[in-house]
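Structure first, then comments.
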Protein chains: 2
Amino acid sequence: MKKTLLLLALLPVFSYAQDLLTDSLFIKNLSDNVLTNRAAYNNLYYLTKKIGGRLAGSPQMVKAEQWGAEALKAAGADKVTLQECMVPHWVRGGKDKASVSYTENGKQQTMQLNVLALGNSVGSGVRGVKAPLIRITSFDDLEAKKDQLKGKIVFYSVPFDEEFIHTFEAYGKNVIYRAIGASRAAQYGAVAVLVRSMSHSMDNNPHTGALHYLDSIPKIPAAAVGLRDMEKLDTLFTKSKSITAQLFTYGKMLPDTIGHNVIGEITGSEYPDQYITVGGHLDSWDVNEGATDDGAGIVQTIEILRAFKATGFRPKHTIRFVLFANEENGTRGGEKYAAVAKINKEKHVFALESDAGGFTPRGFSLELPASAWSKVNSWKPFFAPYGVTDFEDGGGGEDIRSLGEQLKTPVGELRPDSQRYFDLHHSAGDVLEAVNIRELKLGAINMAALLYLVDKYGL
Amino acid sequence: MKKTLLLLALLPVFSYAQDLLTDSLFIKNLSDNVLTNRAAYNNLYYLTKKIGGRLAGSPQMVKAEQWGAEALKAAGADKVTLQECMVPHWVRGGKDKASVSYTENGKQQTMQLNVLALGNSVGSGVRGVKAPLIRITSFDDLEAKKDQLKGKIVFYSVPFDEEFIHTFEAYGKNVIYRAIGASRAAQYGAVAVLVRSMSHSMDNNPHTGALHYLDSIPKIPAAAVGLRDMEKLDTLFTKSKSITAQLFTYGKMLPDTIGHNVIGEITGSEYPDQYITVGGHLDSWDVNEGATDDGAGIVQTIEILRAFKATGFRPKHTIRFVLFANEENGTRGGEKYAAVAKINKEKHVFALESDAGGFTPRGFSLELPASAWSKVNSWKPFFAPYGVTDFEDGGGGEDIRSLGEQLKTPVGELRPDSQRYFDLHHSAGDVLEAVNIRELKLGAINMAALLYLVDKYGL
């Protein structure tokens with residue numbers, strides 16, 4: 001009798017221990033499957049080398065959608081659909097070019113600059129824009145010099161803050177100059193802007209990225225400059241008072257066009273009409289292969305689906321594997337996805353994104369109801385063997401932001417190591433060779449583990 | 001009175017809190033200094049691009065010693081000395097080459113293989129070695145087929161175990177085939193060996209590394225094969241029964257020659273004759289720039305010295321910054337350092353190495369007296385902001401192994417993320433561009449923090 005009582009008393013503990021064992025064995029089995037499988041590499045190879053850069057509205061993006069749908073099917077999706085959405089259609093239109101002229105030792109000198117027009121920017125056209133160059137070190141500096149800006153090209157020389165350990169903090173601090181620096185300068189009559197590339201890199205690749213013109217301010221050309229040229233330019237300003245810049249860009253915003261969120265599903269066994277979403281964005285900039293941004297997130301999304309099917313996992317909720325249509329120069333993919341979910345009154349349990357590169361995983365950024373944190377923190381031991389130790393209170397990615405805002409869905413994003421990301425981000429350097437496929441796979445393994453635990457235990 | 005008593009009672013707590021603050025501010029200040037300084041990059045640039053591959057005994061290694069002494073002086077060493085030691089002098093002697101011939105559809109076919117002779121191996125000479133190729137999948141397999149090996153070239157096809165999260169475990173499991181595979185095969189009459197490169201890489205670069213001939217067994221040529229060629233060869237064995245291989249290598253072991261450990265010091269303020277050692281190895285393989293192995297460790301060592309001096313840190317113990325003479329094809333640098341320390345009856349408090357690449361730091365492997373662990377574990381919060389969370393019970397690096405063994409010195413090694421290391425290790429891919437300088441600097445910051453804490457609080 002006593003023994004029976006003891007056993008009964010131990011039953012919850014035993015069952016809890018059993019669950020821990022089941023869960024950790026599930027994750028180990030999935031990890032082994034992912035680490036020994038070639039599909040992720042083959043997918044990334046195809047997306048980067050056979051399709052390449054794929055800005056929304058481009059022919060490459062159409063190919064990427066078709067490829068994505070096939071890849072989700074090949075990975076074993078129960079269902080694949082294309083969700084139509086209108087996307088911006090910006091084209092670079094030509095080879096961006098810039099130079100500065102100055103006088104040194106009584107002689108006229110010219111220095112070429114390595115530049116890339118910012119996304120969404122207007123072009124200078126074939127005649128270019130040529131004007132005196134003025135160096136600006138902050139928006140405060142801009143305001144102080146507002147009377148000197150008319151007819152000038154503004155050169156925003158605002159270095160990345162290297163003291164941050166997490167490089168996204170340096171980016172977050174400076175990206176405002178890329179985003180609205182053109183309008184802020186145009187407001188005072190500037191005719192174009194050159195912006196320091198948003199990067200820590202040691203090379204001279206310029207880094208493009210989205211610009212947003214502010215309403216009712218004239219749109220002026222804008223380009224990012226490679227960091228080595230930027231330093232030369234800074235040095236030049238210590239020596240020469242009179243520097244003229246010339247910029248040629250050909251950007252053009254065409255009418256919105258049709259794009260698609262590509263959605264694969266594993267149907268839930270218990271709650272087929274409750275959704276867990278995982279995804280990345282399929283579009284990329286046009287000047288590279290979009291390997292880390294966000295080929296990595298796309299391939300991880302497909303890999304998680306493949307590994308779930310390959311290991312026989314049947315989720316209770318329906319899991320949607322979403323390749324979002326447009327994030328780089330708009331966030332139309334995520335907005336559409338949330339809008340449709342809202343119209344259809346879908347119940348979304350959780351959404352997870354990978355859009356911070358395919359680097360070695362270190363943690364998750366999560367936006368959860370306060371009540372969920374103790375549960376999620378109790379899961380930490382499942383992740384530590386696979387390199388993830390940081391669970392931080394923060395947002396999800398751009399593509400699931402609308403879902404979080406509109407439906408109050410808990411969201412999260414994989415946090416890979418951030419040191420390499422801005423060396424490549426939006427530059428020609430973002431190619432397959434910069435990705436270590438095991439790092440990418442470890443990200444997928446940790447994401448899959450989180451999806452598995454949320455599906456099983458809820459939030 | 002009561003108040004005074006309370007204050008007195010609080011004093012240790014207050015002083016402890018003050019210390020925590022002092023220590024974390026010291027580390028933050030040092031981190032800022034390192035992350036915003038260019039010296040580490042400039043040093044790595046010079047070592048990789050101006051000097052390059054530097055095998056012990058090579059002219060490049062002589063240049064590297066001279067450069068290292070100057071770099072330590074420039075970083076602010078109180079004293080720089082060269083410690084002479086005899087080092088092995090192996091030369092590659094020519095361009096390694098291999099091919100296989102087989103019959104397909106009745107036609108004779110030849111496939112070139114991407115190979116590198118293993119370090120310390122004897123050459124085939126200009127006439128090469130040509131023999132039937134036999135595929136061996138383990139030493140057990142070798143034993144089972146020992147009667148078939150006479151006059152053959154053995155092809156060790158033992159894949160890396162991809163399921164390990166820490167790649168050094170896969171390496172540790174397989175490196176025995178590179179180390180003694182030649183002797184094991186020669187014992188049964190084999191005339192040469194081809195070994196799968198010790199790597200996870202997706203490219204076809206062969207990876208060299210040290211081989212050790214076992215006494216009284218004939219020395220036979222040995223080379224590593226690139227992984228893509230390796231897979232082709234594996235496939236070939238499923239189709240063709242009769243494959244002949246031809247190998248040309250030119251390796252030669254010359255008489256030992258003179259090398260030097262390059263040693264910089266900051267003299268201790270309280271215990272000048274008690275030593276803390278930090279270092280990496282200056283030598284590298286000849287086929288690359290030795291950027292991660294171990295340019296990273298060298299540059300980190302010099303950077304810690306520079307940053308200590310730049311931030312005005314005066315250690316209590318003498319800190320020695322050691323660029324070890326020879327690790328790759330011998331461990332003569334570390335052996336000499338320990339031997340001299342023993343002869344001189346030096347007291348060594350701690351020794352730390354960086355020889356696992358300049359990748360983003362994740363932890364330390366430490367071999368400490370049991371009594372030291374609780375203290376070291378209490379330091380963890382100092383490291384977490386800089387990315388280091390794992391303190392594992394393990395060994396130090398190869399260069400300080402002798403010190404640990406001979407003098408019972410506590411030793412440790414930086415544990416960077418391991419995913420990328422074996423993609424590059426001992427192959428042509430180990431070049432400056434594979435290093436992210438911020439990752440390397442974060443390693444140096446965490447190492448400096450550990451040295452600072454050990455110096456201040458002991459072990």
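Labels below follow one simple rule: chain letters A, B, ... track the order of the sequence lines, proteins then strands, and each chain is numbered from 1. Bear in mind that the values here come from a model prediction, so they are computed numbers and not experimental data.
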Does [X] have more than 12 heavy atoms from other residues, nucleotides or ligands lying within 6.0 Å of its [atom1]?
X      : atom1 : result
A:K49  : NZ    : yes
A:F168 : CZ    : yes
A:F26  : CZ    : yes
A:K380 : NZ    : yes

Between A:I437, A:T167, A:D423, A:T360, which shows the greatest number of heavy-atom pairs under 4.5 Å with chain B?
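When all of A:I437, A:T167, A:D423, A:T360 are compared, A:T360 has the most.
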Using a cut-off of under 4.5 Å on heavy-atom pairs, state which of A:K441, A:K28, A:E163 scores highest against chain B.
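Most heavy-atom pairs under 4.5 Å with chain B: A:E163.
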With chain A as the partner chain, list the residues of residues 386-394 of chain B whose heavy atoms fall under 4.5 Å from it, by residue number, and write 'none' if nothing qualifies.
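Against chain A, the residues of residues 386-394 of chain B that fall inside the cut-off (heavy atoms, under 4.5 Å) are B:Y386, B:G387, B:T389.
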Non-hydrogen atoms of chain A under 4.5 Å away: do they reach the side chain of B:A384, the backbone, both or neither?
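It is neither, since no heavy atom gets under 4.5 Å.
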Taking side chain as everything from C-beta outward and backbone as N, CA, C, O, which of these in B:F164 sits under 4.5 Å from a heavy atom of chain A? Side chain, backbone, both or neither.
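Just its backbone gets close to chain A.
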Working to the nearest 0.5 angstrom, can you tell me the gap between B:N436 CG and A:F359 CZ?
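Answer for the CG-CZ pair, B:N436 versus A:F359, is 8.5 Å.
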Is there side-chain contact between A:I165 and B:L442, with heavy atoms separated by less than 4.5 Å?
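They are in contact (side-chain heavy atoms under 4.5 Å apart), so the answer is yes.
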Taking the side chain as every heavy atom from C-beta outward, state whether A:M202 and B:R38 have any pair of such atoms under 4.5 Å apart.
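A side-chain contact exists here, since the closest heavy-atom pair is under 4.5 Å.
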Starting from the C-alpha separation in whole Å, work towards a yes-or-no answer on side-chain contact (heavy atoms from CB on, under 4.5 Å) for A:E433 and B:D203.
CA-CA 10 Å; A:E433 291 75 9; B:D203 62 34; over 6 Å; no
Give the intermediate values and the outcome of side-chain contact (heavy atoms from CB on, under 4.5 Å) for residues B:R438 and A:R420.
CA-CA 8 Å; B:R438 281 181 53 91; A:R420 290 174 183 252; over 6 Å; no
With only heavy atoms counted, which part of A:D32 is less than 4.5 Å from chain B, the side chain, the backbone, both or neither?
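Interface part for A:D32: both.
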